[in-house]
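Below is one structure, written out as structure tokens; the observations come after it.
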Amino acid sequence: MEKANQTSPLVGFILLGLSAHPRLEETFFVLILLMYLVTLLGNEVLILVTILDSCLHKPMYFFLRNLSFLDICYTTSSVSLVLDGFLAPQETISFSTCAVQMFLSFAMAGTECVLLSMMAFDRYVAICNPLRYPGVMSKAAYVPMAASFWAIGGVASLVHTSSAIQLALCGDIINHFTCEILAVLKLACADISINVIGIGVTNVIFLGVPVLFISASYVFIIATILRIPSAEGRKKAFSTCSAHLTVVIIFYGTLFFMYGKPKSKDPLLGVDKEDLSDKLISLFYGVVTPMLNPIIYSLRNKDVKAAVRKLVSQKSFSQCCRRSLLWFSPPWKKGLQSLQLPF
């Protein structure tokens with residue numbers, strides 16, 4: 001009874017991170033920092049070229065711009081805590097900071113799941129019903145789509161985050177790099193079965209349904225491509241969706257491996273090594289995947305590749321990059337208006 005009556009710690013939480021492996025912290029600090037900088041640069045360049053190049057003013061690249069922005073938000077909300085944890089072992093963060101980070105990470109992950117399914121639908125209509133594509137994927141259609149998947153991810157995250165922070169917690173030590181919602185729930189004194197069931201239902205909606213939708217879309221896409229008589233036509237059609245398919249495989253493959261990986265039954269492995277592997281897999285999902293997305297689209301999409309080359313060849317490229325780093329500040333908008341846009 002005394003344990004159940006405890007209240008949530010309003011002071012803060014301690015993130016263990018890799019404090020049990022101090023020799024790895026310096027190495028991972030450098031690696032994560034470099035990957036984070038590459039993620040920022042790659043996604044900002046991708047956002048920039050999809051805005052400046054008139055050839056990329058299409059629904060697919062509008063969704064791609066949302067994906068890049070989403071990856072920037074997701075990594076920024078989590079990597080700062082990870083890097084601070086490497087510099088200050090057993091880092092303490094405030095309760096409010098933990099709640100905000102938990103909300104952002106859950107919202108961004110859920111939004112990306114829905115976004116990838118919308119991108120698959122875009123490719124399905126473009127390849128399987130090209131004559132209907134201008135009408136189905138008009139601006140009046142894809143802009144509300146984008147608004148809806150941001151809203152769905154935000155609402156789902158708000159529900160789970162608010163229910164988690166209202167629980168009575170019996171500890172303040174989180175065995176993770178960030179305020180991951182399942183790690184926070186493990187600290188609860190009260191029954192968390194409702195929270196776990198709710199997260200399970202949400203996972204089915206944000207993971208299961210999009211996977212089925214994407215799989216069905218690509219079944220029809222592949223069937224349509226195979227019916228194209230010329231090899232050149234099949235190659236051209238497949239090249240328009242190969243980048244998205246690669247991103248989907250990496251994103252969902254990492255997620256399913258992270259949550260579906262069986263626990264080791266080898267007693268020689270130990271709990272510490274098992275926890276370390278889980279943390280590193282989570283780190284790969286949170287940092288490496290957003291870094292790979294712009295690289296994949298730059299290498300496997302000829303339109304994006306051409307736009308990037310065009311941007312790099314311009315004398316004002318360095319000036320554009322500096323302005324893109326000020327994306328969220330008002331001076332950026334003023335600077336963008338002074339650029340000579342190609343459209």
Side-chain angles (χ1 to χ4, degrees), residues 6-18 70-71 73-82 84-85 91-115 149-210 251-252 254-261 263 274-275 277-287 289-290:
Q6 295 182 33
T7 58
S8 301
L10 298 177
V11 177
F13 296 97
I14 297 174
L15 299 176
L16 293 183
L18 289 178
L70 188 150
D71 284 339
C73 294
Y74 181 82
T75 53
T76 301
S77 68
S78 59
V79 166
S80 58
L81 291 179
V82 174
D84 286 344
E91 175 198 9
T92 300
I93 64 170
S94 66
F95 185 82
S96 58
T97 301
C98 181
V100 170
Q101 194 275 322
M102 186 163 48
F103 167 79
L104 289 175
S105 61
F106 200 100
M108 297 301 107
T111 301
E112 184 161 356
C113 292
V114 182
L115 172 59
F149 60 63
W150 280 99
I152 291 171
V155 169
S157 179
L158 182 63
V159 170
H160 290 297
T161 302
S162 60
S163 63
I165 63 177
Q166 292 176 11
L167 291 171
L169 305 179
C170 294
D172 59 357
I173 299 177
I174 299 176
N175 188 20
H176 209 276
F177 292 111
T178 61
C179 286
E180 204 266 340
I181 190 166
L182 293 177
V184 174
L185 289 178
K186 290 180 181 179
L187 303 178
C189 306
D191 182 20
I192 61 171
S193 57
I194 295 179
N195 301 78
V196 173
I197 293 173
I199 292 176
V201 173
T202 303
N203 287 341
V204 170
I205 296 173
F206 284 97
L207 291 176
V209 174
F251 178 80
Y252 282 105
T254 305
L255 270 182
F256 285 127
F257 182 78
M258 182 168 61
Y259 290 109
K261 181 176 69 70
K263 298 296 181 181
E274 185 74 20
D275 288 341
S277 66
D278 291 342
K279 290 178 182 179
L280 294 181
I281 294 171
S282 175
L283 197 62
F284 176 87
Y285 165 74
V287 180
T289 303

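Values below: all heavy atoms of this structure, side chains included; hydrogens, waters and symmetry mates excluded.
- Nearest heavy atom pair, residue L167 against residue L185, reads CD1-CD2, 3.4 Å.
- Here the side chains of Y74 and L104 are not in contact, with every heavy-atom distance at 4.5 Å or above.
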Can C98 and I165 be said to form a side chain to side chain contact (heavy atoms under 4.5 Å, CB included), step by step? CA-CA 9 Å; C98 181; I165 63 177; over 6 Å; no
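- Listed here is the closest heavy atom pair of C113 and L207: SG-CD2, 3.7 Å.
- Rounding to the nearest 0.5 Å gives a distance of 9.0 Å between CZ of F106 and CD of E180.
- Atom CE in M108 sits 11.0 Å away from atom OG1 in T76 (nearest 0.5 Å).
- Taking the side chain as every heavy atom from C-beta outward, S162 and F103 never approach each other to under 4.5 Å.
- Counting heavy atoms from C-beta on, the side chains of I181 and I199 come closer than 4.5 Å.
- Side-chain contact between V287 and T75 is absent, with no heavy-atom pair separated by less than 4.5 Å.
- Considering only heavy atoms from C-beta on, S94 stays 4.5 Å or farther from F13 through its side chain.
- In this structure, the separation between CZ on F149 and CG on L115 is 4.0 Å, given to the nearest 0.5 Å.
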Just do the side chain to side chain contact (heavy atoms under 4.5 Å, CB included) check on F206 and E112 with the steps written out, would you? CA-CA 9 Å; F206 284 97; E112 184 161 356; over 6 Å; no
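- Across all their heavy atoms, G154 and T111 have their closest contact at N-OG1, 4.5 Å.
- Distance check: K186 NZ to I173 CD1 gives 14.0 Å after rounding to the nearest 0.5 Å.
- Inter-residue side-chain proximity for N195 and H160 is flagged as unmet; no heavy-atom pair is nearer than 4.5 Å.
- The backbone N or O of I93 sits nowhere less than 3.5 Å from a side-chain atom of T97 that would complete a donor-acceptor pair.
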The test is side chain to side chain contact (heavy atoms under 4.5 Å, CB included); show your working for C179 and I174 and say whether it passes. CA-CA 7 Å; C179 286; I174 299 176; 4.1 Å; yes
